[in-house]
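Here is the structure we will look at, set down as structure tokens.
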Amino acid sequence: MQANGHEHVIEVTGLRRVYGDGFEAVRGIDFSVRRGEIFALLGTNGAGKTSTVELLEGLAAPAGGRVRVLGHDPYTERAAVRPRTGVMLQEGGFPSELTVAETARMWAGCVTGARPPREALARVGLEKKADVRVKQLSGGERRRLDLALALLGDPEVLFLDEPTTGLDAEGRRDTWELVSALRDGGTTVLLTTHYLEEAENLSDRLAILHEGRIAATGTPAEVTAAQPSRITFELPEGYFLGDLPPLDELGVCGHGADGRLVRLQTRELQRAATRLLVWAETAGVELRRLDVRSASLEEAFLGIAKEASAETGTQRTKQMKQEYAA
Amino acid sequence: MSGTTPTVTTPMSRMAALARAELTLFGRSKGTLVAALFVPLVLPVSVAATAEEMDLAGAGLTVGAVVLPAAIGFSLLFAVYSALVGAFVARREELVLKRLRTGELRDAEILAGSALPAAATGLAQSLLLAAGCMVLLDMAAPSAVHLAVLGLLLGLVMCTALAAVTASFTRTAESAQVTPMPLMLVSMMGSGMMFPLELFPDRLASFCELLPLTPVMTLIRGGFTGGLSASETLTALVTAVAWTAFAVFAVRRWFRWEPRH
């Protein structure tokens with residue numbers, strides 16, 4: 001349980017999940033989450049996020065490998081784990097004909113150390129909706145109700161499966177603030193998301209899942225640092241790629257061209273940018289559409305998708321690129 | 001937690017919270033409400049009408065001895081079995097069962113807690129119907145009341161478990177209107193509800209004795225008439241317990257907690 005003085009609240013080793021039809025959704029993954037940390041599982045639809053989280057929640061037994069939550073097997077030692085965890089499923093889970101208050105009261109009766117239902121609803125700004133039937137709530141309001149109920153017993157560990165899907169920008173920010181505040185109060189949070197921004201802003205560490213495997217893991221900065229930075233610009237009239245200073249002198253590790261648009265990759269952004277700009281200044285040319293940017297999680301994500309597609313060329317990877325190319 | 005001791009939940013408190021919500025839902029589902037509350041009050045009247053025409057005396061029966069168990073049977077089928085198939089399927093399709101399973105409730109608590117309002121309705125209705133039949137059909141007080149009570153309780157547990165089994169094989173809330181029909185029809189025709197088995201040919205009667213609700217009917221009728229021998233009582237008990245055990249096994253083995261994808 002102890003590693004580097006931190007308690008590992010969630011430990012996953014060699015985890016596999018196989019469905020009845022033989023589909024292997026989770027193909028041997030390892031990670032651990034320390035107490036008081038927000039850990040994000042990032043990936044596209046079908047990457048295995050929900051399949052993984054359900055194993056952590058103890059909804060199903062793994063086909064292989066091991067899960068420990070708070071030192072217990074969440075599937076076989078349910079009674080030891082459940083009073084200390086809070087769960088928000090990816091969707092639904094409440095009878096549509098009950099009101100918000102009735103739903104909260106029902107859950108409060110099933111949760112050890114539950115807060116008063118009204119207080120729980122106020123926490124997510126739903127107190128005014130107390131007498132509204134669940135079926136009349138908007139998608140975003142339903143997500144907030146789900147979050148309120150996951151928090152009802154002040155759990156030590158919180159599992160949030162796509163907590164902000166369907167929320168507007170303001171609702172998303174509110175949820176981020178709430179989740180950050182919970183982490184600051186010592187709650188351990190495992191969340192899944194397909195929003196890169198969410199993983200980057202909210203998580204202390206993350207893992208990028210791709211086709212049931214972890215493609216990259218670390219802090220957002222570490223995952224990003226593994227990727228090169230990027231410089232793009234339009235080649236001036238009358239100039240060719242060969243007219244630029246030698247690429248290794250610029251510190252460029254890769255390049256590409258799209259018509260007259262040149263794309264350089266570098267791990268030494270300052271050196272490459274300086275030498276490129278000095279060259280342009282000396283040559284007396286203007287670099288139109290100049291764009292200099294550090295690696296972002298988005299690029300890391302696209303890079304991973306690209307590598308994976310080069311390896312497997314699957315349809316899923318193409319979908320991933322389409323979704324995130326924007 | 002503001003310094004107070006956190007309230008620790010118990011199986012009873014959890015099931016009570018769930019049952020309360022389920023009772024609210026029961027009250028808001030008009031179709032279920034009508035079928036569960038009124039049909040079992042109306043059907044016995046038609047059974048009473050046909051029973052008047054039958055040669056009951058030849059089989060050693062009275063109208064009351066036919067109508068009273070039948071009325072309780074209708075209550076078990078409509079208020080408990082059929083209503084619960086619909087409730088289990090609806091909760092599963094709305095992912096309520098899955099969500100409940102992420103919490104402290106155990107699987108058996110989820111099913112029992114959800115079933116409680118329907119089972120309580122069936123129990124109250126059965127007692128009311130029994131009292132009504134005794135008064136209106138001028139019946140004597142039950143001579144072996146423990147058998148009738150045992151039959152009723154076994155019937156409640158069996159119908160709850162069979163409802164969960166049926167729900168396992170029901171894909172949508174719409175099909176939940178249809179999937180309970182086979183057991184309901186077979187029980188009404190063959191378990192001594194519409195027609196006493198005593199009027200059936202021997203071979204057919206002994207087959208019908210193996211149907212799930214037959215032993216329940218036998219025990220309840222025997223409880224009122226006092227006409228059951230020890231071996232008949234034992235046979236009925238074994239049959240009822242066997243069906244209940246089978247249903248519980250089937251639920252553990254096949255019950256679906258979330259919709260198919």
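Order of the sequence lines fixes the chain letters, A, B, ..., with proteins taken first and strands second; residue numbering starts at 1 for each chain.
Classification of A/Glu102 and B/Arg28 as a salt-bridged pair holds, one side-chain N sitting under 4.0 Å from a carboxylate O. Ion pairing between B/Lys98 and A/Glu54 holds under the 4.0 Å rule for side-chain N and carboxylate O.
Using a 4.5 Å cut-off on side-chain heavy atoms (C-beta onward), B/Asp107 and A/Arg78 make contact. Here the side chains of B/Phe26 and A/Glu97 are not in contact, with every heavy-atom distance at 4.5 Å or above. Within the 4.5 Å cutoff, no side-chain heavy atoms of A/Glu57 are placed close to those of B/Arg101. Annotation: side chain of B/Leu18 is not in contact with side chain of A/Trp107 (no heavy-atom distance under 4.5 Å).
Within the model, atoms CE of A/Met88 and OG1 of B/Thr102 stand 12.0 Å from one another, a figure rounded to the nearest 0.5 Å. Atom-to-atom distance recorded for A/Met106:CE and B/Leu25:CG is 8.0 Å, nearest 0.5 angstrom. Here B/Arg91 contributes atom CZ and A/Phe94 contributes atom CZ; the two are 13.5 Å apart, rounded to the nearest 0.5 Å. With rounding to the nearest 0.5 angstrom, the CD atom of B/Glu104 is 8.0 Å from the SG atom of A/Cys110.
Options B/Arg14, B/Met15, B/Glu94 differ in how many heavy-atom pairs under 4.5 Å they form with chain A, and the most are formed by B/Glu94. Of the listed residues (A/Ala79, A/Gly86, A/Pro95), the greatest number of heavy-atom pairs within a distance under 4.5 Å of chain B belongs to A/Pro95. Of the listed residues (A/Gly58, A/Gly109, A/Gly93), the one with the most heavy-atom contacts under 4.5 Å to chain B is A/Gly93.
Shown here is B/Phe169, whose CZ atom has more than 12 heavy atoms of other residues, nucleotides or ligands within 6.0 Å.
Close approach to chain B, defined as a heavy atom under 4.5 Å from one of its heavy atoms, is seen in no residue of residues 180-192 of chain A. Within residues 132-151 of chain A, the residues having any heavy atom closer than 4.5 Å to a heavy atom of chain B are A/Arg133, A/Asp146, A/Leu149, A/Ala150, listed by residue number.
With a threshold of 4.5 angstrom between heavy atoms, B/Leu97 does not approach chain A through any atom at all. Proximity to chain B (any heavy atom under 4.5 Å) is shown, for A/Ser96, by both the backbone and the side chain.
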